[in-house]
Amino acid sequence: MIVISAASGALGRLVIDRLRTRADVVAAVRDPARAPEGVPVRRGDYDDPASLRTAFEGAARLLLISSPELDPARRTAHHLAAIAAAVDVGVGAVAYTSFLDADTVATGMTEAHHATEQALMRSGLPYTVLRHPFYSDAFVPRVTDGVLAGSTGGRGLNTAFRSDLAEVAADVLTGEGHEGRSYDLTGPLWTHPQLAEALGVPYREVPDAAPGPMAWLNARIRTGALERQTPDLERLLGHPAKTMLSHLVS
């Protein structure tokens, strides 16, 4: 049996869709009323360790999808509670959705992921770390009034679509040879100017409209911080990853 934690989220639903005909899969969710349909459901709330132990009972494999909590201390506490519950009930192996660079950077966006990876390694559980990039789904640009605009300085983005990352997770959960491995999953590099050219529209660089998370992220992109590339995603998929251009023209 495979248990998917945080299964009511977008990634969890996609993973379950890919597993439902391949394995016995259980959705662990905070609110059973929001659970995916068509699979057994157990209540598993990151804020309720006892519910996690019940949710993970009997799991040969667990996909520990990272908590949506943004505060690093709370997110870390959620993950540590899940790992402790997995140890307590004897889960066979854990795959964890981490974030790129969490193995080397212990501050900022990767703080909780770094702490979680370290806890997994200390837990004694067989584990696989799936380090995700930002999701392409959140970065799809729009052509407005015949122009594609952006604030990225023309630098590259290594985002990947949730659908590809879900496929990798499902394959890892049902495959062999992944225990003790960490994968850095980067999508095909793309830029706003390249997309504009491929779509046959002009590109316009514009200033960030207002301070906030996207302004911070665009500033990071302009430094080249999202241009790292590895072969892990396509190697695990066994086929080319979905590109932003293919998404826009499909």
Cluster partners of [X], using ILVMFWY side-chain heavy atoms under 4.5 angstrom, listed by chain and number?
| X | answer |
| --- | --- |
| Val29 | Val41 |
| Val87 | Met1, Val3, Val26, Tyr46, Leu52, Phe56, Leu62, Leu64, Ile83, Val89, Val91, Val94, Tyr96, Leu120, Met121, Leu125, Tyr127, Val129 |
| Val147 | none |

TODO: Output, in order, the C-alpha distance, side-chain angles, deciding distance and verdict of side chain to side chain donor-acceptor pair (under 3.5 Å) for His78 and Ser67.
DONE: CA-CA 7 Å; His78 285 172; Ser67 164; 2.8 Å; yes
Exercise: identify the closest heavy-atom pair between [X] and [Y]:
| X | Y | answer |
| --- | --- | --- |
| Gly146 | Pro202 | O-CD, 3.3 Å |
| Gly150 | His192 | CA-CD2, 4.4 Å |
| Leu248 | Pro141 | CD2-O, 3.8 Å |
| Thr110 | Val105 | OG1-O, 2.7 Å |
| Ala7 | Ala27 | CB-CB, 3.6 Å |
| Ala241 | Glu234 | N-OE2, 3.1 Å |

Task: Listed partners of Arg20 passing salt bridge (Lys or Arg N to Asp or Glu O under 4.0 Å), at least two apart - done: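 In terms of salt bridge (Lys or Arg N to Asp or Glu O under 4.0 Å), with neighbours along the sequence ignored, Arg20 is linked to Asp17.
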Task: Qualifying ring pair (Phe, Tyr, Trp, His ring centres under 6.0 Å) pairs, either residue in residues 209-250, two or more places apart - done: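 Output for this query lists Phe161-His247.
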Donor-acceptor contact below 3.5 Å, side chain [X] vs main chain [Y]:
| X | Y | answer |
| --- | --- | --- |
| Arg13 | Ser8 | yes |
| Ser5 | Ile65 | yes |
| Thr97 | Leu130 | no |
| Arg75 | Glu69 | yes |

Open item on the list: With clusters defined by side-chain heavy atoms of hydrophobic residues (ILVMFWY) lying less than 4.5 Å apart, directly or transitively, does Phe99 cluster with Leu63?
Closed with: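 Different clusters: Leu63 never reaches Phe99 through Ile, Leu, Val, Met, Phe, Trp or Tyr contacts under 4.5 Å.
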Task: Hydrophobic cluster identity match, Leu185 and Met109, side-chain contacts under 4.5 Å - done: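 Different clusters: Leu185 never reaches Met109 through Ile, Leu, Val, Met, Phe, Trp or Tyr contacts under 4.5 Å.
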Open item on the list: For Glu205, is the CD atom crowded, meaning more than 12 foreign heavy atoms sit under 6.0 Å from it?
Closed with: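 Above 12, so yes.
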Task: Contacts of Asn218 that satisfy side-chain contact (heavy atoms from CB on, under 4.5 Å) - sequence neighbours left out - done: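 For Asn218, the residues satisfying side-chain contact (heavy atoms from CB on, under 4.5 Å) (neighbours in sequence not counted) are Ser151, Thr152, Asp208, Met214, Ile221, Arg222.
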[X]: which residues meet the side chain to side chain donor-acceptor pair (under 3.5 Å) condition with it, sequence neighbours left out?
| X | value |
| --- | --- |
| His132 | Tyr135 |
| Thr174 | Arg22 |
| Asn158 | none |
| Glu57 | none |

Is any NZ, NE, NH1 or NH2 atom of the basic residue among [X] and [Y] found under 4.0 Å from an Asp or Glu carboxylate oxygen of the other?
| X | Y | result |
| --- | --- | --- |
| Lys242 | Asp164 | no |
| Arg43 | Asp48 | yes |
| Asp31 | Arg34 | no |
| Glu227 | Arg220 | no |

Open item on the list: Parallel, tilted or perpendicular: which one describes the rings of His113 and His79, with boundaries at 30° and 60°?
Closed with: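 Plane angle between 30° and 60°, so tilted.
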- [ ] Find the distance between OG (Ser51) and CZ (Arg42) and round it off to the nearest 0.5 Å.
- [x]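 Separation between the atoms: 12.0 Å.
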TODO: Examine the side chains of Ser246 and Thr243 and answer whether a donor and an acceptor come within less than 3.5 Å of each other.
DONE: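 Yes, because at least one side-chain N or O of Ser246 sits under 3.5 Å from a partner of the opposite role on Thr243.
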Open item on the list: For residues 97-120, which residue pairs pass the salt bridge (Lys or Arg N to Asp or Glu O under 4.0 Å) check, not counting sequence neighbours?
Closed with: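 Listed by first then second residue: Asp101-Arg228, Asp103-Arg131, Glu117-Arg131.
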Open item on the list: I need the full list of side chain to side chain donor-acceptor pair (under 3.5 Å) pairs touching residues 136-145, with sequence neighbours left out, sorted by first then second residue.
Closed with: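 Qualifying pairs, neighbours excluded: Ser136-Thr159.
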